[in-house]
Structures are given as C-alpha cells and as structure tokens.
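See structure below.
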Amino acid sequence: MSLMLYNDLTRKKEPFVPLKEGEVSFYSCGPTVYDYFHIGNARPFIVFDVLRRWLEHLGYKVTFVQNFTDIDDKMIHRAHREGTTVPELAERFIAEYRKDAKALGIRPPTVAPRATENVPEIVATIQRIMDNGHAYVSSGDVYFDVRSWPKYGTLCRQGLDDLEAGARVEVGEKKRDPLDFALWKAEKPGEPAWDSPWGRGRPGWHIECSAMSSKYLGETIDIHSGGVDLVFPHHENEIAQSEAANGKPFVRYWLHNGFLLIDSEKMSKSLGNFLTARAALEKYPPLALRFFMLSAHYRSPINFAPSGLEQAASGVTRLRNCRSDLDFAAKNRQSDESDLDPAAFQAKMKRLEGRFADAMNDDFNTAAALGVLFDVVHLVNTTLKDHETLPRAFFETAKAALKTYDDVLGVIGPDEAESEEGGDQEVERLIAERLAARKAKDFARSDEIRAQLKERGIILEDTPQGTKWKREL
Ligand code: AMP
Ligand code: ZN
C-alpha cells in the first residue's frame, strides 16, 4: 500500500502524491512563544514529527518548516506584565521550547523561521493581496476583504452568511465587515512596530504563515498541519491570503490533529486546565509521553490521564526490555551452531515489516503501528525463549528492525549497549566487582553495589548466563 493521507480539504483519505517527485514540502504551525508550551500543544509537535520521520523513511527529501510566532497580543501583554521586551521574552521561550522539544524526542525542523525576522516578506505579501483587490486600509490597519473572496469557507465548509452570523461585531470596528481580519495592525504606543507602506505597525497573526510558507517552501506546498482548532479561522485565513496573493492553490493536503483532553475537556491555557510539557516531563518519562501521544490515531481525541501514562510507560519498558534482552543474549548465547533457521525468522520479520508499513501508510496510524511493534517484540521474545543458542543473523535482523521502527516512532530510546559513554564501562566494572564479592561470600559488599547502582537508576537481574542490567525509565 502506498501512503494515504486524510485530507481535510476534501474530507477523504487520498493517495499522497507530492508536487515534486521524491520531495515533500511540509509546513506546520508552531508555538506562540510567550510561555512554556503545554502537553496539549505537544501533540501536534510530536505527531507531525512522526509523520515527517515516516516520509523520510519512505525516501522523500522532506523540508519541514515550523514557525515561531514571536509577535502578537499575547507576547505584548506578557512582556508588559513581566517588565521585559517582546524580543527578550521570545528569546527566552524559544530556548525553553527547544529544551522541552528535545526532551520529547522532537527533531528540530529544517527551518524554524520567526515572524519578526520575516517582516519584509509579510509586507510584500500584504501588498500583493492589496494589488489584487482583496485588502483595504482603514486608519493604519490593513484588512483582508473576505467578501471579495468567494471561496472563503472552503476548508471549514461554511458559507459566508453562516460565518457572518457567528462573527462577533465589536464596537468601534475599523473593518468594513465582521468577517474581515487584520493583515497589518497600526502601531500603538509601547508596542513593537515596523515600517510599512501603510505606516508603522505590526503583522496580524495569520499572515506570517502565508508569507513564511511561500518564502521557504514555494507558493504551493504539499502538506500543512496543525491542531483542529486552527481550521477556522487561522487556516481558512491562510488559504485566502496565500491564494489572493499568489493566484495559485496554497496547500495540497491539510492535516489536523484532534485535541488532547483532560477530564474530557480540551486542554487549553484559557481554561486553566493545562499541564506544561516541562511539568509533565518531571512527572513522566519522556519516552512514555511520546508513546502515549502515538497510542491513539492523530485525528482522534486523546484523554490525558495517569492510567494512560502508566500504560504507556509499561509499553516502553516492554520494548526496552526486549532490546536489552537481545543485547544480553547476543553476548552470551550467540552461536552459529544454533537450531534456529535464520531465513524462517527473517521471513516472519519481513511480514511484520509489511504490516508496520501498511499501518503507517494508512493515514499514519501510529496506534496500529505500535501494535505491530509489540508483535515484533513477541516474536523476538519467544525466539529467545525457545532456543538455547541463536545465530548472528538472528541478532542482526532483530536489532536492525527495532532500530528502524524506533527511527520512525522514537519510543525505545538510545541503546545502552551501544552507548559510547564511559558510564556503561563503569556499570560493567561494578557488576564484575559485585560478582567477585558474591564469589567471596562478601554479601554486604554485593548488596552495597546493587544499591549504589539502583540509586543511579540501574536495575540488576541475575540469570544463569550472568548479570543483566537495564536502566529505569
Ligand atoms: P498555539 O501555541 O496555541 O498556537 O498552539 C500550538 C499548537 O497546539 C496548534 O497546532 C494548536 O492547534 C495545538 N493545540 C492547542 N491545544 C491543543 C490540545 N488541547 N490538543 C491538541 N492540540 C492542541
Ligand atoms: Zn499558522
């Protein structure tokens, strides 16, 4: 099966065919950097990181752009409250974003542009929209003229009149129509501002994504993603802006993740029911958080609850144990005299690889892909159990498979046996010392070493083949 993606533009699962053969242009709306991001925001960052990895696994050259919104009302208010400047606030929370994203195993985007570094491109995009007759100036602000764009509402599937009925009309509006939205906002005292043909001011929120998407990826891109709350108005506005400016279709596949819920409600800053990713990372192992996010289909809602996180943590432990059991057996039970037929094992693994690919190709169904990964673990574990010794080819196939799956999902983490840090040698040395102490019946010393290692998060297990060790999550 080739890759199928559910496209919110057509509301259908469609075969994925990129514009340029072998290449994918992918834009994902990034965070507004006025605070730490919460674990609900982490959902798109994690799931679309996995989609990007899968596309790379399929051999595409992916250009993945995720922006930082570093100027908007929230940025300005927070900077005022903290007695700092908007650029300082942005710098601080971009650094914090990167720390948490790294801890969650999210790979840095190919490009991570900031709105404030792209003001000339934003101004030029607004100018083109205006030249094409779809924007107007009103007291130093510039608005998109929604009524001049009949296709408005295509993505959210609502007609202009329905949208109009739901729009808020505010007193003292400078807009001609309640549906119109700001492309440029005139300078207010104490706020950051840039020069423009319409006077000093700053960009509206939506325009940055249109400008940066075409700057870094071209006027028509393959994939654009974000949370489902961005469908309207943000993405609807992006389409209107980009197409009004460029006269070309903007995005070929629109992908939106479902909400992360807490007590059945959307986790959000405004409801106050949020847990920052930073706080979640203190409470739960990063791999468990990642596993948890991938345990549901990205378009379904997912409920953030301790039981789900515990299940995720035990899932990760099972995966890690399988790999450390493999490493241990490779050291102690490898023999080409083994009665295991490596070709038969490889054939079974190949079938599982096909099922994994089918799951990921089916609108990147990570929940099903994790299920296949556990079938792989089951096959490896039973093979380890059923054979006294195992051939080199078995270990190579099994370890390579786990590595390939983990390159896509990132839920198993680094392999301690292959780590080059001195830490492992130290562990091995202590294990050898403990073994010597046990031989000499110095059980006090042996217990002391076990406790010392436990303190460092290392668990020992004595087996007939010797002492196995693994790191706690
Ligand atoms: P923001 O910084 O608010 O623009 O949000 C960054 C990303 O997180 C956007 O793609 C939002 O759609 C997404 N998002 C916000 N809250 C949630 C949630 N509770 N569950 C899933 N995604 C969310
Ligand atoms: Zn955006």
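The structure displayed is predicted, hence computed values, not measured ones. Order of appearance sets the numbers: ligands from 1, and atoms from 1 within every ligand. Both backbone and side-chain heavy atoms feed into the values below; hydrogens, waters and symmetry mates do not.
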Under 4.0 Å from one or more heavy atoms of G258, ligand 1 contributes atoms 21 (C)
H38 heavy atoms within 4.0 Å reach ligand 1 at atoms 16 (N)
* Asked: Is a side-chain donor-acceptor pair under 3.5 Å present for T69 with E208?
  -> yes
L230 heavy atoms within 4.0 Å reach ligand 1 at atoms 9 (C), 10 (O), 12 (O)
For SG in C209 and NE2 in H234, the angle at the Zn ion (ligand 2) (nearest 10°) is 110°
Short N/O distance, under 3.5 Å, between C29 and ligand 1?
no
Atoms of ligand 1 under 4.0 Å from any heavy atom of N257, numbered from 1 in the order shown, are 21 (C), 22 (N)
Short version for K269: what comes under 4.0 Å of ligand 1, heavy atoms counted, is neither
If we number the atoms of ligand 1 from 1 as shown, the ones under 4.0 Å from a heavy atom of M267 are 16 (N), 18 (C), 19 (N)
The atoms of ligand 1 lying under 4.0 Å from a heavy atom of P44, numbered in the order shown, are 7 (C), 8 (O), 10 (O), 13 (C), 22 (N)
Closest to atom 23 (C) of ligand 1 by heavy-atom distance, out of G40, G30, G227, is G40
If we number the atoms of ligand 1 from 1 as shown, the ones under 4.0 Å from a heavy atom of P31 are 2 (O)
In N361, I223, D362, the residue satisfying side chain to side chain contact (heavy atoms under 4.5 Å, CB included) with L5 is I223
To the nearest 0.5 Å, atom CD1 of I302 lies from atom CG of L261 at 9.0 Å
Would you please classify the geometry between the F364 ring and the H297 ring as parallel, tilted or perpendicular, with 30° and 60° separating the classes? tilted
ring-ring contact (aromatic ring centres under 6.0 Å, His included) test vs H224 passes for just one of F250, F48, F64, F26, namely F250
For this session: Anything under 30° is parallel, anything over 60° is perpendicular, the rest tilted; go ahead and classify F37 against Y97.
Result: tilted
Donor-acceptor pair, Q66 side chain versus S28 backbone, under 3.5 Å?
no
Per-atom filter on ligand 1: closer than 4.0 angstrom to a heavy atom of G226 are 10 (O)
Student check: side-chain heavy atoms of L3 and L55 closer than 4.5 Å
yes
